[in-house]
Amino acid sequence: MSADPKVLLTDLLQTALKSVAPELAATPILLERPKQASHGDFATNLALQLAKPLKRNPRELAGLLLAELPPSKLVARAEVAGAGFINFTLASDAKTAVVREVLARGADFGRGAGKGIKVQVEFVSANPTGPLHVGHGRGAAYGASLSDVLAFAGYEVSREYYVNDAGRQMDILALSTWLRYLAFFGIEIPFPPNAYRGDYVVDMGREMRDAHQDRFAKVTAMQILAGTPGLPPSDRKDDEAKQQREEHLDALIANAKKLLGEDYPWVHGFALNEQLGDGREDLQEFGVRFDKWFSEQSLFDTGLVERAVIQLEKAGHIYLQDGAKWFRSTAFGDEKDRVVQRENGLFTYFASDIAYHLNKYERGFDRMIDIWGADHHGYIPRVKGAIAALGLDPARLDVALVQFAVLYRDGQKTSMSTRSGEFVTLRELRREVGNDACRFFYVLRKSDQHLDFDLDLAKSQSNENPVYYVQYAHARVCSVLDQWGGEAAELAGADLGLLQNERELALCARLASFAELVQDAAAGYAPHQIAFYLKDLAADFHSWYNAERMLVEDEALKLARLALAAAVRQVLVTGLKTLGVSAPESM
RNA sequence: CUGCCCGUAGCUCAAUUGGAUAGAGCACCGGCCUUCUAAGCCGGGGGUUGCAGGUUCGAUCCCUGCCGGGCAGGCCA
């Protein structure tokens, strides 16, 4: 017998449909759980759907369907309501059966059957040029939770971090580190304003000195500055001054490469590994793990970037202009064409990104999800365009945009400038509010919504804090089961027919909707739905807890209630786990 | 100027993807601890879903036009 009432009702309706309107037997049967308890446990709009093609009154059709509906012991009541809905109320046996199922399946309750669909989720992918900040934190929390929800829903998930280890930004970091290192030997030039100025760069310089003494310091300030255009006055903000600063920086990088020679890759690699390692550790502490760290440099090393551009060229989507190679992305809906190879022969970031996505497709993922900061939204048409131009299906790629998080303290916005060096790092945020509150708050909003992150609320150990509210429900169950002291096996045989009051049946209905919710959250890339569900489940539990006692004299009733409590605990644990939040046994 | 996203209770946000009387939390008011954890519960007030049209049995959701806010528009990443 199918334990799933939804499947049963679908079958019953199918039968009724065939006899009422055989020509429309293919009409999809939608069953939803009404928001209002008075509308029963399930409702269908089938009659409303049929009304138009049959040109008949929906309420009348609903009545005909009801008349043809085969009877079932699990259905206590079925009635026409509203504009033509059919509402079903389940027999209480059918409602409470879920408790036994939760206890039997344990951590697997709610898990979707394997779909055999391979999904890759790429997220964070921050430049390893400094500490992760609170914006990356949201991408990390969202990506990790989404991945876990997808995996739990039955997809084969691969979590990936794209490491931008090639390109100018890394050179700037290497230069910055070297300059800080040199300062320890009294070799100093004015520190470029557009280089990386954070304290962590000074720390890396110090580490270099401690490990290698003056090995990289056999130069003079004069040599480093040789041939550079110099810096314009710091108060000049015009375009010409900005450009001169960039040229100055590039000249310094060129000098560093020349002066360090074979040591330059060492310095570059040192800075990269330090920052990448720091980020990896940061994320690991945050409960965020990746299956693969994909190197951008490897795309150049294996010649894939070149191959990707050649492939586009062969397909006729590349043209030459002003000495550069342009991809005709306007042919694929982009606003303007984009350069893939510069006049100086260097490939653009876009070129390696095309290669990266080509590589993803070649690895055979059925679906790919890129999680980007919302400021990159303009980048979507060109990437999808390039994928289409390569003869691949862009619909297999979804880009999920994550809006910025704004921190509030004492009702005031806190600054998160990345330039000044006073930006708030993910690590600082985690230390201040704790990993659990961090993870939960980050996914408490739809990802494409701006997030106001209230630091005071996240830290408060009070009923205002939704994290504690959910965790507290879990701790309460633990406490009661602990005081009972019996064996879990005793609960499996409890007489669930004794669960009869409204709050108990509501709790059962909530548990029964979990698997469906997981599927919805996965399909909509919406882990926030898990968070809201857990809040609702906790609320149902707290309400029941205050209204009824579990440890009552009546042995059978006690077991039934404890079984329900244990089932609630299991789903709380499962749900919190997908969000990366702990479930403490006492608080 | 152009493109994308957003606009829901005083505040922060949901709304089963087009469903029934639009829901929570905070804030405000009033109750509940000699009984399994009061980090909890129960009750109350609070809305023309930015505005104006359109599509249909039915719109917070889809289409058009305004108003307001955010982001983007490099041979940067």
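Chain identifiers are assigned alphabetically (A, B, ...) following the order of the sequence lines, protein sequences preceding nucleic acid strands; residue numbering begins at 1 within each chain.
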So which protein nitrogen or oxygen atoms get under 3.5 Å of nucleotides 11-13 of chain B's nitrogens or oxygens?
unit_1	atom_1	unit_2	atom_2	d
B/rU12	O3'	A/Asp452	OD2	3.4
B/rU12	O2'	A/Arg445	NH2	2.8
B/rC13	OP1	A/His450	O	3.2
B/rC13	O5'	A/Arg445	NE	3.1
B/rC13	O2'	A/Arg445	NH1	3.3

Any A/Ile380 side-chain heavy atom under 4.5 Å of A/Leu401 side chain: yes

Rounded to whole Å, the CZ-C1' distance (A/Phe350 to B/rG73) equals 15 Å

The nucleotide from B/rC76, B/rC71, B/rA38 with an atom nearest the side chain of A/Gln169 is B/rC76

By side-chain hydrogen bond (donor to acceptor under 3.5 Å, both in side chains), A/Glu502 pairs with (sequence neighbours left out) none

request  = Report yes if at least one side-chain N or O of A/Ser543 is closer than 4.0 Å to OP1 or OP2 of B/rC41; otherwise report no.
outcome  = no

- Would you say A/His377 stacks on B/rA72, if stacking means ring centres under 5.5 Å apart and planes within less than 30 degrees? no

Applying side chain to side chain contact (heavy atoms under 4.5 Å, CB included) to A/Tyr356 and not counting sequence neighbours gives A/Gln120, A/Glu122, A/Glu160, A/Tyr162, A/Phe294, A/Leu299, A/Asp353, A/Lys360, A/Arg363

Value for CG (A/Leu61) from CG (A/Leu17), rounded to nearest 0.5 Å, stands at 10.5 Å

Please list, pair by pair, any protein nitrogen or oxygen found under 3.5 Å from a nitrogen or oxygen in nucleotides 27-31 of chain B.
unit_1	atom_1	unit_2	atom_2	d
B/rA27	OP1	A/Glu464	OE2	3.4

Salt bridge (Lys or Arg N to Asp or Glu O under 4.0 Å) pairs touching residues 434-450 of chain A, sequence neighbours excluded, are none

Winner on side-chain proximity to A/Arg342, out of B/rA38, B/rC75, B/rC41, is B/rC75

Considering only heavy side-chain atoms of A/Asn45, the closest of B/rU37, B/rG19, B/rA20 is B/rG19

Residues at least two apart in sequence or cross-chain that pass salt bridge (charged side-chain N to carboxylate O under 4.0 Å, His left out) with A/Glu343, listed by chain then number, are none

Margin query: Any base atoms under 4.0 Å from A/Ala324, or only sugar-phosphate, or nothing? Heavy atoms, all strands.
Written below: base

Rounded to whole Å, CD of A/Gln483 lies from P of B/rC36 at a distance of 8 Å

Q.
Less than 4.0 angstrom between a side-chain N/O of A/Lys35 and OP1 or OP2 of B/rU16, yes or no?
A. no

* So what does A/Trp484 hit on the nucleic acid, given a heavy-atom distance under 4.0 Å: a base, only sugar-phosphate, or nothing? -> nothing

Taken in chain and number order and not counting sequence neighbours, the residues that satisfy side chain to side chain contact (heavy atoms under 4.5 Å, CB included) with A/Ala522 are A/Val149, A/Leu150, A/Ala153, A/Tyr155

What does A/Glu343 touch in the nucleic acid at a heavy-atom separation under 4.0 angstrom: a base, only the sugar-phosphate, or nothing?
base

Can a donor-acceptor pair be found between the side chains of A/Asp41 and A/Thr89 at a distance below 3.5 Å? no

Is the closest side-chain donor-acceptor distance between A/Asp165 and A/His268 under 3.5 Å? no

**Asked** Base, sugar-phosphate, or nothing for A/Asn57, non-hydrogen atoms under 4.0 angstrom?
**Response** nothing

Residues 28-37 of chain A, side-chain donor-acceptor partners within the protein, below 3.5 Å, at least two apart:
unit_1	atom_1	unit_2	atom_2	d
A/Arg33	NE	A/Glu516	OE1	3.2
A/Arg33	NH2	A/Ala512	O	3.4
A/Arg33	NH2	A/Glu516	OE1	3.2

Report task. Would you mind classifying the nucleic acid contact of A/Gln49 as base, sugar-phosphate or nothing, using non-hydrogen atoms under 4.0 angstrom? Result -> nothing

Residues in residues 501-523 of chain A with a heavy atom under 4.0 Å of RNA chain B, by number, are A/Arg503, A/Asp520

Original post:
Does A/Arg476 count as lying over the ring of A/Tyr545, i.e. NZ or CZ under 6.0 Å from the six-ring centre, within 45 degrees of the axis?
Top reply: yes

Ranking B/rA39, B/rC75, B/rC36 by distance to the side chain of A/Asp322, first place goes to B/rC75

Side-chain atoms of A/His528 come closest, of B/rA14, B/rA72, B/rA77, to B/rA14

Rounded to whole Å, the CD1-C1' distance (A/Ile380 to B/rG3) equals 12 Å

State whether A/Lys336 places a side-chain N or O below 4.0 Å from either non-bridging phosphate oxygen (OP1 or OP2) of B/rU2. no

inquiry  = For the P atoms, the ones on B/rA9 and on B/rA52, what distance do you get once it is rounded to whole angstrom?
reply    = 16 Å

- Query: Side chain of A/Asn546, base of B/rA38: donor and acceptor closer than 3.5 Å?
  - Reply: no

Salt bridge (charged side-chain N to carboxylate O under 4.0 Å, His left out) filter on A/Arg549, not counting sequence neighbours, yields none

Out of B/rU16, B/rA77, B/rG19, minimum distance to the side chain of A/Phe85 belongs to B/rG19

Scanning both residues in full, the closest heavy-atom pair of A/Ala538 with A/Ala473 reads CB-CB, 3.9 Å

Do any side-chain nitrogens or oxygens of A/Arg476 fall under 4.0 Å of OP1 or OP2 in B/rA39?
-> no

A/Trp372 atom CH2 is separated from B/rC5 atom C1', nearest whole Å, by 15 Å

Which of B/rC36, B/rU16, B/rU21 is nearest the side chain of A/Glu32? It is B/rU16

- Query: Is there a donor in the side chain of A/Glu247 and an acceptor in the side chain of A/Gln243, or the other way round, less than 3.5 Å apart?
  - Reply: yes

- prompt: Below 4.0 angstrom from OP1 or OP2 of B/rU37, is there any side-chain N or O of A/Tyr468?
  reply: no

Where RNA chain B forms runs of at least three Watson-Crick or G-U pairs (i with j, i+1 with j-1, under 3.5 Å), the stems are B:1-7 with B:67-73, B:10-13 with B:23-26, B:28-32 with B:40-44, B:50-54 with B:62-66

Base, sugar-phosphate, or nothing for A/Tyr379, non-hydrogen atoms under 4.0 angstrom?
base

Q: Using a heavy-atom cut-off of under 4.0 Å over every strand shown, decide if A/Ala547 touches base, sugar-phosphate, or nothing.
A: nothing

| query | Using the ring of each side chain (for Trp, its six-membered ring), is A/Phe327 parallel, tilted or perpendicular to A/Phe350, with breaks at 30° and 60°? | reply | tilted

Residue set satisfying salt bridge (charged side-chain N to carboxylate O under 4.0 Å, His left out) with A/Glu585, at least two apart, ordered chain then number -> none

